[in-house]
Amino acid sequence: MKSLILATVTAAFLAASLPADQKIAARRENQQQRIAQGVKSGQLTAGETAHLETKESRVNKEIRTDRAANGGKLTGAEKAQVNHQQNKMSRDIYKDKHNSAVQ
């Protein structure tokens with residue numbers, strides 16, 4: 001448990017020092033690791049995992065679409081929107097991992 005917390009804190013610290021596009025990728029990777037850890041520990045049910053993965057897939061598709069429309073870059077507004085969506089995903093992962101449903 002301590003190593004997971006340390007890894008999460010380290011990832012957050014490193015992500016804070018990255019450019020915006022790399023922060024998005026770093027957060028996406030961190031959230032995928034959190035989901036995988038929840039599956040491994042039994043904190044996430046199959047349904048919760050599928051729901052989280054579907055949401056993550058939608059955000060990733062939106063990022064790809066926005067980048068394709070803007071020559072490979074995200075506008076400031078798009079970066080803010082992605083950050084908002086990733087914040088919501090993070091809260092959803094936490095809620096699903098800490099509810100009473102277990103695998």
Quick one: [atom1] on [X] to [atom2] on [Y], what's the gap to the nearest 0.5 Å?
| X | Y | atom1 | atom2 | value |
| --- | --- | --- | --- | --- |
| Asn83 | Glu78 | CG | CD | 13.5 Å |
| Ile93 | His98 | CD1 | NE2 | 11.5 Å |
| Asp21 | Lys23 | CG | NZ | 10.5 Å |

For Ile35 and Leu44, work out which heavy atoms get closest and say how close.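 Answer, listing the atom of Ile35 first, then Leu44: O-CD1, 3.5 Å.
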Is Arg34 close to Gln37 at the side-chain level, that is, under 4.5 Å between some pair of heavy atoms?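 Of all side-chain heavy-atom pairs linking Arg34 with Gln37, none is under 4.5 Å.
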Are Lys79 and Thr75 packed together at the side-chain level, in the sense that at least one heavy-atom pair is separated by less than 4.5 angstrom?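 Of all side-chain heavy-atom pairs linking Thr75 with Lys79, none is under 4.5 Å.
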Between Gln81 and Leu74, is the side-chain contact (heavy atoms from CB on, under 4.5 Å) condition met? List the steps. CA-CA 10 Å; Gln81 181 179 7; Leu74 293 175; over 6 Å; no
Between Ser90 and Arg27, is the side chain to side chain donor-acceptor pair (under 3.5 Å) condition met? List the steps. CA-CA 9 Å; Ser90 182; Arg27 283 191 74 185; 4.9 Å; no
Test side chain to side chain donor-acceptor pair (under 3.5 Å) applied to Asp96 and Gln43, step by step: CA-CA 8 Å; Asp96 284 349; Gln43 290 176 298; over 6 Å; no
Show, in sequence, the C-alpha distance, side-chain angles and deciding distance for Glu62 and Gln85, and conclude whether the side chain to side chain donor-acceptor pair (under 3.5 Å) test is met. CA-CA 11 Å; Glu62 183 178 336; Gln85 290 169 327; 3.0 Å; yes
Dump the intermediate steps for side-chain contact (heavy atoms from CB on, under 4.5 Å) on Arg28 and Ile63, then the final yes or no. CA-CA 11 Å; Arg28 179 175 42 215; Ile63 291 169; 4.2 Å; yes
Would Asp66 and Lys73 pass as an ion pair if we require N to O under 4.0 Å?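 The answer is no: the pair does not qualify as a salt bridge.
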Can you give me every donor-acceptor pair (side chain of residues 50-59, partner residue at least two apart or in another chain, under 3.5 Å) with its distance?
{"residue": "Glu53", "atom": "OE1", "partner": "Gln32", "partner atom": "NE2", "Å": "3.4"}
{"residue": "Thr54", "atom": "OG1", "partner": "Ala50", "partner atom": "O", "Å": "2.8"}
{"residue": "Lys55", "atom": "NZ", "partner": "Asp92", "partner atom": "OD2", "Å": "2.4"}

Counting heavy atoms not belonging to His84, are there more than 12 under 6.0 Å from its NE2?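 No, because the 6.0 Å sphere around NE2 of His84 holds 12 heavy atoms or fewer from other groups.
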